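Single-structure report; data block below.
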Amino acid sequence: MPELPEVEVVRRGLARWIGGRTVAGAEVLHPRAIRRHVAGAGDFADRLRGTAVTDVRRRGKYLWLPLGDEFALLAHLGMSGQLLVQPERTPDEKHLRIRITFTDLARGELRFVDQRTFGGLSLHPLDPAGLPDVISHIARDPLDEDFDEDAFHVALRRRRTTVKRALLDQSLISGVGNIYADEALWRARLHYERPTAGLSRRGTAELVTHVREVMTAALAVGGTSFDSLYVNVNGESGYFSRALDVYGREGEPCRRCGTAVRRRPWMNRSSYFCPRCQRVPRLPVR
DNA sequence: GGAAGCTCCTGAAAGC
DNA sequence: TGCTTTCAGGAGCTTC
């Protein structure tokens with residue numbers, strides 16, 4: 001599942017292989033993949049044709065390719081999205097949704113492949129800060145040098161919610177998904193139901209540090225791949241799944257204390273934690 | 001307005 | 001063997 005490290009790996013690959021190239025055409029093979037582009041497939045292709053990719057940027061789990069100064073191609077990988085740079089003669093992938101070709105054919109085409117179609121591509125105007133307007137509500141991510149830790153702490157204290165919900169709220173801190181939330185909380189020895197209103201300034205700082213550390217470690221080995229659903233632009237998997245401490249390790253011993261890791265259903269997904277290192281808060285928020 | 005829950009989607013794995 | 005159910009989860013939308 002692509003979270004910040006995986007998206008950053010893709011961003012770096014796109015910058016290398018797509019940066020500076022001019023779009024020759026676009027083919028939309030599944031309408032759901034451009035559902036956020038409300039003007040439809042024809043408009044999507046017409047507006048892309050002839051534009052040049054001037055940069056490849058990221059905020060949290062969103063990627064965008066500025067196409068001049070006024071608008072950008074926005075991408076979100078969702079659960080299973082892949083942006084692949086493939087030689088044009090490569091057979092189509094089973095779940096190929098969008099194909100973008102460039103004027104220099106020999107350097108390959110860009111393919112958006114997405115099994116579950118939670119992700120997609122769309123075109124949007126850039127706001128004065130250079131951000132696609134539809135993601136202006138997305139907070140800076142913890143690897144962004146301008147991430148405001150004090151403001152994050154104040155926001156946490158104001159919320160009547162729990163710490164994992166807050167970590168997954170992209171308007172508070174972006175780039176964190178279920179895997180790295182569980183990993184960071186394990187490192188910080190915090191239970192996922194801990195109320196944010198009770199976090200100390202030091203507690204917030206430690207949590208953010210653990211989020212940064214786990215993401216940086218994942219980035220260093222190409223991200224986390226459990227199956228073929230996350231790969232970089234060359235179709236290669238990452239290796240961080242081998243280094244996960246709690247996520248996906250139900251019943252296995254905690255790497256710190258040896259207690260069996262537990263999995264609990266949580267918000268239509270799962271939370272993994274060590275019941276000894278991460279004690280249940282006495283007064284959970286209702 | 002804030003917080004919580006629902007829904008979209010596909011395919012692998014488990015259960016029968 | 002084959003059918004059904006469960007599970008995975010990001011984020012927009014709806015409900016309270």
Side-chain angles (χ1 to χ4, degrees), chain A residues 1-8 10 29-38 58-64 74-83 92-98 112-122 124 131-139 141 154-185 192-198 211 215 218 223-231 237 241 244 246-251 262-272 283-286:
Chain A
M1 302 77 185
E3 300 184 31
L4 187 154
E6 292 75 35
V7 177
E8 175 60 19
V10 172
L29 301 163
H30 194 300
R32 190 173 149 80
I34 58 151
R35 64 191 179 283
R36 295 186 184 95
H37 188 83
V38 293
R58 180 190 57 76
R59 175 169 287 192
K61 302 170 199 170
Y62 284 94
L63 280 171
W64 71 95
L74 180 67
H76 195 291
L77 302 180
M79 283 283 296
S80 54
Q82 301 172 356
L83 283 164
D92 288 358
E93 293 76 9
K94 182 178 179 183
H95 301 293
L96 176 62
R97 309 305 191 191
I98 299 171
F112 180 68
V113 176
D114 192 5
Q115 179 198 99
R116 298 178 190 169
T117 64
F118 276 31
L121 306 183
S122 48
H124 302 280
L131 213 62
D133 58 358
V134 294
I135 64 163
S136 58
H137 64 292
I138 300 296
D141 61 65
V154 169
L156 287 182
R157 296 277 300 187
R158 278 201 195 119
R159 292 289 180 108
R160 292 293 175 267
T161 190
T162 50
V163 65
K164 185 170 174 181
R165 281 181 183 276
L167 283 178
L168 297 183
D169 186 337
Q170 306 296 301
S171 67
L172 290 175
I173 181 172
S174 67
V176 186
N178 202 43
I179 298 171
Y180 296 119
D182 279 0
E183 291 297 308
L185 289 169
Y192 59 93
E193 292 284 19
R194 176 73 67 91
T196 57
V211 172
M215 286 182 163
T224 300
S225 303
F226 290 108
D227 45 35
S228 61
L229 292 186
Y230 161 68
V231 293
S237 297
S241 60
L244 293 173
V246 281
Y247 186 88
R249 296 191 61 243
E250 182 181 22
R262 287 187 188 166
R263 180 181 73 89
R264 288 287 178 271
W266 181 85
M267 282 180 65
N268 289 329
R269 57 196 74 178
S270 293
S271 275
Y272 294 88
L283 294 171
V285 168
R286 294 295 177 202

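Residue numbers begin at 1 in each chain, while the letters A, B, ... track the order of the sequences. Predicted model only: the values in this text are computed from it and were never measured.
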How many Å lie between [atom1] on [X] and [atom2] on [N], as a whole number?
X      : N      : atom1 : atom2 : value
A:R264 : C:dC7  : CZ    : P     : 14 Å
A:Q170 : C:dG12 : CD    : C1'   : 13 Å
A:Y272 : C:dC7  : OH    : P     : 11 Å
A:R36  : B:dC9  : CZ    : C1'   : 13 Å
A:L156 : B:dA3  : CG    : C1'   : 15 Å
A:E250 : C:dT6  : CD    : C1'   : 14 Å
A:I34  : C:dG12 : CD1   : P     : 17 Å
A:W266 : B:dG5  : CH2   : P     : 10 Å

So, taking the atom named CG in A:L63 and the one named CG in A:L83, what distance separates them when rounded to the nearest 0.5 Å?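 Here the interatomic distance stands at 7.0 Å.
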Straight-line distance of A:E250 CD to A:R264 CZ, nearest 0.5 Å: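 One gets 8.0 Å once the value is rounded to the nearest 0.5 Å.
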Please work out if [X] contacts a base, only the sugar-phosphate, or nothing of the nucleic acid, heavy-atom cut-off 4.0 Å.
X      : value
A:H137 : sugar-phosphate
A:R35  : nothing
A:N268 : base

Closest to the [X] side chain, choosing from [options]:
X      : options               : value
A:R160 : C:dA8, B:dA3, B:dT10  : B:dA3
A:K61  : B:dG5, C:dA11, B:dC9  : C:dA11
A:R159 : B:dT10, B:dA3, C:dA11 : B:dA3
A:T161 : B:dA4, B:dT10, C:dA11 : B:dA4
A:R32  : C:dG12, B:dG11, B:dC9 : B:dC9
A:H95  : C:dA11, C:dA8, B:dG11 : B:dG11

Flag side-chain contact, heavy atom, 4.5 Å: A:H95 against A:Q82: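 No, every pair of side-chain atoms sits at 4.5 Å or beyond.
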Would you say [X] reaches [N]'s phosphate, i.e. side-chain N/O to OP1/OP2 under 4.0 Å?
X      : N      : value
A:S270 : C:dA8  : yes
A:R116 : B:dG11 : no
A:K94  : B:dT10 : no

Electrostatic pair A:K164-A:D182, nearest N-O below 4.0 angstrom: yes
Taking A:D141 first and then A:R58, would you say they form a salt bridge - that is, a charged N and a carboxylate O separated by under 4.0 Å?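 Salt bridge: yes.
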Would you state whether a donor and an acceptor, one from the side chain of A:R269 and one from the base of C:dG10, lie under 3.5 Å apart?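 A donor-acceptor contact between them is present.
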A:T196 vs A:R159, test: side-chain hydrogen bond (donor to acceptor under 3.5 Å, both in side chains). Steps then yes/no. CA-CA 7 Å; A:T196 57; A:R159 292 289 180 108; over 6 Å; no
